[in-house]
Amino acid sequence: MEKRKTIAIFDSGIGGLTLLKDCYLHLQGVNFIYLADNGNMPYGNKCELEIFQKTKVALQSLSAYSIDALVLACNTVTAICVEKLREDSALQYPIFGIEPAILPALQNVKEEKKSILLLATNATLQSKRVQKLLQKYNINGQIVCNAPRELASMIEKNILQLDRVDWSQYLPKGEFDSVILGCTHYIHIQEYVQMHFQTRIFDGNIGTVNHIRQKLLNMKKNGNFVKNTVQFIGKQADFNAKIFKNMLEESNKNL
Ligand code: DGL
C-alpha cells in the first residue's frame, strides 16, 4: 500500500480553511496540517518584504513535521513569495500556490459588454505575478480590479457572525458579468457577494485541488474511499479547528 501523503496548508488566517475544505472533500487518504498566522493578518495590506518575512517565520513551525508538500492557501503569499520559497533549499518539498481564477472567468463570459470584477488584496493586485497574468489575459481591459482594504480582517473578526455584517459596504458598485474572489478569506462570504452582484462567482480553489491531485496524488478512481485526517497547528489552532468543524457541518447540511 502506498504511504499516506502529509500536506501542509498555510494561510495568513482562516481564509485557507476554504481551500482545506475543498481538499478535504475532493481528495482522499491525505494527512492535512493546517497552519495560519492569524495574529499577523491581514498580510494583504503589508509590503512585500514584510509578507515574505512573516511567511518565513510562520513556516518555521512546519520544520517539526515530515511533510510531502506545502500548499499556500493564500493568494497574497502565493503572489509575493511562491518563487522565492521554491528556491529556498531549506524547504525540500513541492510548493503549490493559489491564483485568482482569471482564465475560468474569461472562458465563461456570458455578457461581453460587462466587466469582470477581480477582488483581491492590495499586495496581490500590485504583485508582479498577478500584474503579469493581467497583462496576458486582460487584453481588452474587461477585468476591473478592486482591493477592499478592510474586508479580509472583517471576515476574520466576524467569522462566527457573518450575517450580522453588511458586506455590501466593502464591495464596489457596478454590474459585472462575474466576480473573481482572489483572496481565500472572501470565499467565506461568497453567498453575500453573489447576492449583492447577482452574478457568477469564481475562485481558485478547485483549480488548486485539481493541480494537487494531478501532481502529487496518484489516485485510483474506483478504489475504496480512504478518509483524510486534519491537524491544526500554530497559536490559534483551536480557533481554526472550530471554524473548520462549523464549515464541514454546514456543508453536510447542504448535501
Ligand atoms: N487569505 C489571503 C489571500 O488569499 C489574504 C488575507 C490577508 O490579507 O491576510 O490573499
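Just so you know, ligand 1 is whichever comes first in the structure, and atom 1 is the first atom listed for that ligand.
When the salt bridge (Lys or Arg N to Asp or Glu O under 4.0 Å) test is applied to Arg129, the partners found at least two apart in sequence or on another chain are Glu83, Glu99.
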For ligand 1, list every N/O pair with the protein closer than 3.5 Å, one pair per line with the distance.
from: ligand 1; atom 1: 1 (N); to: Asp11; atom 2: OD1; distance (Å): 3.1
from: ligand 1; atom 1: 1 (N); to: Thr184; atom 2: OG1; distance (Å): 2.9
from: ligand 1; atom 1: 1 (N); to: His185; atom 2: ND1; distance (Å): 2.8
from: ligand 1; atom 1: 4 (O); to: Asn75; atom 2: N; distance (Å): 2.9
from: ligand 1; atom 1: 4 (O); to: Asn75; atom 2: ND2; distance (Å): 3.3
from: ligand 1; atom 1: 4 (O); to: Thr184; atom 2: N; distance (Å): 2.8
from: ligand 1; atom 1: 4 (O); to: Thr184; atom 2: OG1; distance (Å): 3.2
from: ligand 1; atom 1: 8 (O); to: Tyr43; atom 2: N; distance (Å): 3.2
from: ligand 1; atom 1: 8 (O); to: Gly44; atom 2: N; distance (Å): 2.8
from: ligand 1; atom 1: 9 (O); to: Ser12; atom 2: OG; distance (Å): 2.6
from: ligand 1; atom 1: 9 (O); to: Tyr43; atom 2: N; distance (Å): 2.6
from: ligand 1; atom 1: 10 (O); to: Asn75; atom 2: N; distance (Å): 3.4
from: ligand 1; atom 1: 10 (O); to: Thr76; atom 2: N; distance (Å): 3.0
from: ligand 1; atom 1: 10 (O); to: Thr76; atom 2: OG1; distance (Å): 2.6

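A donor-acceptor contact closer than 3.5 angstrom links the side chains of Thr76 and Thr121.
Counting side-chain heavy-atom gaps under 4.5 Å among Ile, Leu, Val, Met, Phe, Trp and Tyr, Ile139 is found in no cluster with other residues.
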What donor-acceptor contacts under 3.5 angstrom involve side-chain atoms of residues 231-244, with partners at least two apart or in another chain?
from: Asn240; atom 1: OD1; to: Asn38; atom 2: ND2; distance (Å): 3.0
from: Asn240; atom 1: ND2; to: Asn38; atom 2: OD1; distance (Å): 3.2
from: Asn240; atom 1: ND2; to: Gln236; atom 2: O; distance (Å): 3.2

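Heavy-atom minimum distance, Asn228 versus Val30: OD1-N, 2.9 Å.
The aromatic rings of His185 and His188 sit perpendicular to each other, their planes meeting at more than 60°, with 30° as the lower class boundary.
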